[in-house]
Asker: 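Have a look at the structure that comes next, please.
All ligand and atom numbering here is 1-based and tracks the order in the structure.
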Amino acid sequence: MNTPTRTSTQHSESSTAEVRYGLVGSGYFGLTLGRGFLLRPGATITRVYDPEFAESAVSEFGAVASASLEELCNSDDVDAVIVASPNWAHREAVVAAAKAGKPIFCEKPMALSYADCSEMVDAAQDAGVLLMSGHVMNFMNGVRQVKQLIADGTLGKVLYIRAVRNGWEEPQPSISWKKRRDLSGGHLYHHIHELDVVQFIMGAPETVTMVGGNVAHQGEEFGDEDDMLLATLEFGNGSFATLEYGSAFRWPEHHVLVQGSLGAAMIDLTNTGVTVRHQGGEDKYLLHRNEEEDAGRTAFYASSEMDGGIQYGTPSATPPLWLQGVAEEETAYFHGLLTGAEPDPEFAALTDGSAARRSIATADALTLSLAQDRKVRVSEITGN
Ligand SMILES: NC(=O)c1ccc[n+]([C@@H]2O[C@H](COP(=O)([O-])OP(=O)(O)OC[C@H]3O[C@@H](n4cnc5c(N)ncnc54)[C@H](O)[C@@H]3O)[C@@H](O)[C@H]2O)c1
């Protein structure tokens, strides 16, 4: 096993300046992000807005509950806003925070349509405030390692990426918002991570196609999202990607396989770890920060808790160690930017709006392809 060579983003922090955060949405991941931010010297969480589940965060973080989004965003004791509300509610929160002139960390997916995403990015840019998309996969050690090996030419030209995130969903006692297309966007938007990483490596595709549907999960015990989505991306330069998402797969898989002209990399999120084959042989890397986090992920996926990465946290659940670890890395990066650390070019797309825009644009194009049963140019969505 090669030792990880990527430096922790925590090292980029440059100051202990105080940052008082307001947390919008304090469920499963809002609490996780809050805990991540509180590890940073100078960070406090002063306010929480969550219409149903504020109590835990208020007592754990010693924060005040705000009665409304506007109150939180405009409070003098809030310097920056963390948006971890359900996907459908991100737009309103980001626009309100931008109007209040506060820097924003927004969970993925940024939005459920390209129009909303553009409005959010424009609102932040017009107000001159930082808006970072929480595309957390970019902070995984093994993903950073593969991106570095691509950048330095070790894998040659990337010809093809196959990203797969699927499993089987059993009947649910109650239907989470995460299973409703109008609230979460369904698998493609809710699990935008893989679509984002493909585009971090290959750029935005020119044309896309998607087939699929809800093939095995109709009825009252399920949401209305499509449980089988098969997407193809064409980059116009002799390179391609395919993505497979859904909860209609009895043999769960979760991986990103990069095929280059000189080598290949398997980012395995199930039997956790990264294997790179190149002209000089084969190397192995940790996906997460240490053996314990990787082993924890493997064990978690092997249990029934997280079948292929398509099961979900609830407000009262505690995330596994590896997820806490990547959340710590991304919150450290955002906090570092607020306290004077130099931006890292590797993460520029997360803060200039481009990763959010291209991931939602491509998701919208794929959705249109499925709806109209045709190949779609991404420019039909973006207008350029
Ligand atoms: N990066 C990751 O790996 C990761 C993991 C889990 C969740 N997420 C993202 O985090 C966000 C929250 O997901 P979660 O798992 O915490 O869901 P959750 O259901 O556990 O929590 C959502 C919380 O938001 C609250 N809420 C509902 N409407 C709201 C509104 N209008 N304004 C503010 N709060 C509102 C709910 O009461 C609930 O407490 C989602 O965008 C999700 O995609 C990211």
Asker: Applying side chain to side chain donor-acceptor pair (under 3.5 Å), name anything that partners Asp224, two or more places apart in sequence or on another chain.
Answerer: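 Per chain and number, Asp224 pairs via side chain to side chain donor-acceptor pair (under 3.5 Å) with no residue.
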Asker: Name all residues meeting the side chain to side chain donor-acceptor pair (under 3.5 Å) criterion together with His135; count only those two or more places apart in sequence or in a different chain, and write none if there are none.
Answerer: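 Testing His135 for side chain to side chain donor-acceptor pair (under 3.5 Å), a comparison that skips the adjacent residues, returns Asp196.
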Asker: Applying the side chain to side chain contact (heavy atoms under 4.5 Å, CB included) criterion to His255, which one of Arg165, Arg162, Glu194 satisfies it?
Answerer: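 Considering Arg165, Arg162, Glu194, a side chain to side chain contact (heavy atoms under 4.5 Å, CB included) with His255 is found only for Arg162.
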Asker: Given a heavy-atom cut-off of 4.0 Å, could you list the residues near ligand 1 in chain and number order?
Answerer: Val24, Gly25, Gly27, Tyr28, Phe29, Gly30, Tyr49, Asp50, Pro51, Glu52, Phe53, Ala84, Ser85, Pro86, Asn87, Trp88, Ala89, His90, Glu107, Lys108, Val136, Trp177, Lys178, His190, His193, Thr314, Pro315, Leu323
Asker: Side chains of Asn87 and His190: closer than 4.5 Å at any heavy-atom pair?
Answerer: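 SC-SC contact between Asn87 and His190 confirmed.
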Asker: With Arg35, which residues qualify under salt bridge (charged side-chain N to carboxylate O under 4.0 Å, His left out), at least two apart?
Answerer: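 Once residues adjacent in sequence are excluded, the partners of Arg35 under the salt bridge (charged side-chain N to carboxylate O under 4.0 Å, His left out) criterion are Glu60.
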Asker: With the side chain counted from C-beta on, respond yes when Glu225 and Leu188 share a heavy-atom pair under 4.5 Å apart, and no when they do not.
Answerer: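 Side chain of Glu225 against side chain of Leu188, heavy atoms only: no contact under 4.5 Å found.
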